[in-house]
Trainee: 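Sharing a structure with you now.
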Amino acid sequence: MSEKIKFQIEFVIQSSPQMLYQYLATPSGLSEWFADDVNSRGEKFTFIWDGAEEEAKLLKKKSDDFVKFAWEESEDDSYFEMKIIVDEITKDVSLFITDFAEEDEVEEAKMLWTNQVGDLKQQLGSK
């Protein structure tokens, strides 16, 4: 198995950090844009796409700041993190995503995130 490559991608989101965080950290928020359905039991989140389930463990979270998950079936130290960054001067809110993908799948993974975050922006009424 080849080594996964860490990549980061940033999106400007017109939303308050508090509202955005609800879409990143709660099953109901995540099911609005990230997956068809999301369930959680404690730190275990089940993401459902087209009837297929994938489980992730919530590794860390900080209210209105970030959430960090690791896929259960992942055999390495990879994770995905969604961090909210507020520019101190302009007060612009950005969603900073860190994820891992196989070398030949990085561009595809970035496109997937771009599509997903597009759905998130639509839910938030952001441009």
Trainee: When clusters are formed by joining ILVMFWY residues with side-chain heavy atoms under 4.5 Å apart, either directly or through shared neighbours, do L59 and I97 land in the same one?
Mentor: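 No, L59 and I97 fall in different hydrophobic clusters.
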
Trainee: Go through the structure and list residues passing side chain to side chain donor-acceptor pair (under 3.5 Å) with T90, not counting sequence neighbours.
Mentor: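 Checked T90 against side chain to side chain donor-acceptor pair (under 3.5 Å); matches are D87, D92.
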
Trainee: What distance separates L112 CG from D99 CG, expressed to the nearest 0.5 Å?
Mentor: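 Going from the CG atom of L112 to the CG atom of D99 covers 9.0 Å.
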
Trainee: Inspect the surroundings of CD in E55 and state if more than 12 heavy atoms from other residues, nucleotides or ligands are less than 6.0 Å away.
Mentor: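 For E55, atom CD is crowded (more than 12 foreign heavy atoms under 6.0 Å).
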
Trainee: Following the transitive rule for hydrophobic clusters with a side-chain heavy-atom cut-off under 4.5 Å over Ile, Leu, Val, Met, Phe, Trp and Tyr, establish whether I85 and L95 coincide in one cluster.
Mentor: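 No, separate clusters.
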
Trainee: Considering residues at least two apart in sequence or located in another chain, which fulfil the side chain to side chain donor-acceptor pair (under 3.5 Å) criterion with K68?
Mentor: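 Here no residue qualifies.
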
Trainee: Between atom OG of S78 and atom CG of D76, what is the distance when rounded to the nearest 0.5 Å?
Mentor: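 If I round to the nearest 0.5 Å, the distance is 3.5 Å.
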
Trainee: For V106, what residues pass the side-chain contact (heavy atoms from CB on, under 4.5 Å) criterion, not counting sequence neighbours?
Mentor: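 V106: side-chain contact (heavy atoms from CB on, under 4.5 Å) contacts with I5, F7, A101, K110.
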
Trainee: For W71, is there any backbone N or O sitting under 3.5 Å from a side-chain donor or acceptor partner on S74?
Mentor: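 No: the side chain of S74 does not pair with the backbone of W71.
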
Trainee: Hydrophobic side-chain clustering at under 4.5 Å (ILVMFWY, transitive links): who's grouped with M111? Put none if nobody.
Mentor: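 Hydrophobic cluster check, M111: no partners found.
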
Trainee: Side chain to side chain contact (heavy atoms under 4.5 Å, CB included) for T46 and E72? Distances and angles first, verdict last.
Mentor: CA-CA 10 Å; T46 304; E72 292 282 333; over 6 Å; no

Trainee: Under 4.0 Å between a side-chain nitrogen and a carboxylate oxygen: does that hold for E102 and K4?
Mentor: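 Salt bridge absent between E102 and K4.
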
Trainee: Does some side-chain heavy atom of L124 sit less than 4.5 Å from a side-chain heavy atom of E32?
Mentor: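 They are not in side-chain contact.
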
Trainee: Which residue pairs satisfy the ring-ring contact (aromatic ring centres under 6.0 Å, His included) criterion with at least one member in residues 9-40, sequence neighbours excluded?
Mentor: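 Found F34-F47, F34-W49, F34-F80, F34-W113.
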
Trainee: Same cluster or not: F66 versus V38, using hydrophobic residues (I, L, V, M, F, W, Y) connected whenever any side-chain heavy atoms lie under 4.5 Å apart?
Mentor: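 Result: no, two separate clusters.
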
Trainee: A25 and V67: which non-hydrogen atoms are nearest, and at how many Å?
Mentor: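 For A25 and V67, the tightest heavy-atom pair comes out as CB-CG1, 3.5 Å.
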
Trainee: Name all residues meeting the side-chain contact (heavy atoms from CB on, under 4.5 Å) criterion together with Q18; count only those two or more places apart in sequence or in a different chain, and write none if there are none.
Mentor: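 Once residues adjacent in sequence are excluded, the partners of Q18 under the side-chain contact (heavy atoms from CB on, under 4.5 Å) criterion are S16, D64.
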
Trainee: Given I13 and K121, is the side chain to side chain contact (heavy atoms under 4.5 Å, CB included) satisfied, shown in steps?
Mentor: CA-CA 7 Å; I13 308 253; K121 287 180 172 185; 3.9 Å; yes

Trainee: Please assess V93 against Q14 for the test side chain to side chain contact (heavy atoms under 4.5 Å, CB included), listing each intermediate value before the final yes or no.
Mentor: CA-CA 6 Å; V93 175; Q14 292 169 334; over 6 Å; no

Trainee: Could you walk me through whether I84 and L24 pass side chain to side chain contact (heavy atoms under 4.5 Å, CB included), step by step?
Mentor: CA-CA 10 Å; I84 300 167; L24 306 181; 3.8 Å; yes

Trainee: Sequence neighbours left out, what passes side-chain contact (heavy atoms from CB on, under 4.5 Å) with E43? Give chain and number order.
Mentor: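 For E43 the side-chain contact (heavy atoms from CB on, under 4.5 Å) partners, ignoring immediate neighbours, are K57, L58.
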
Trainee: Are V86 and V12 connected in the hydrophobic side-chain network, where two residues link if heavy atoms are under 4.5 Å apart?
Mentor: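 Different clusters.
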
Trainee: For E10, enumerate each residue passing the side chain to side chain donor-acceptor pair (under 3.5 Å) test, keeping only those at least two apart in sequence or located in another chain.
Mentor: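 By the side chain to side chain donor-acceptor pair (under 3.5 Å) rule, E10 matches S94.
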
Trainee: Going by salt bridge (charged side-chain N to carboxylate O under 4.0 Å, His left out), name the residues that satisfy it together with D65, two or more places apart in sequence or in a different chain.
Mentor: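 For D65 the salt bridge (charged side-chain N to carboxylate O under 4.0 Å, His left out) partners, ignoring immediate neighbours, are K62, K83.
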
Trainee: Heavy atoms only: give me the nearest S15-L20 pair and the separation to one decimal.
Mentor: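 Scanning both residues, the minimum pair turns out to be OG-N, 3.5 Å.
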
Trainee: Can you name the salt bridge (charged side-chain N to carboxylate O under 4.0 Å, His left out) partners of K60, sequence neighbours left out?
Mentor: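 Checked K60 against salt bridge (charged side-chain N to carboxylate O under 4.0 Å, His left out); zero matches.
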
Trainee: Just jot down the side-chain contact (heavy atoms from CB on, under 4.5 Å) partners of T98, sequence neighbours excluded, or say none.
Mentor: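 Scan of T98 (side-chain contact (heavy atoms from CB on, under 4.5 Å), adjacent residues dropped) gives K6, Q8, Y79, E81, F96.
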
Trainee: For E108, what residues pass the side chain to side chain donor-acceptor pair (under 3.5 Å) criterion, not counting sequence neighbours?
Mentor: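 Per chain and number, E108 pairs via side chain to side chain donor-acceptor pair (under 3.5 Å) with no residue.
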
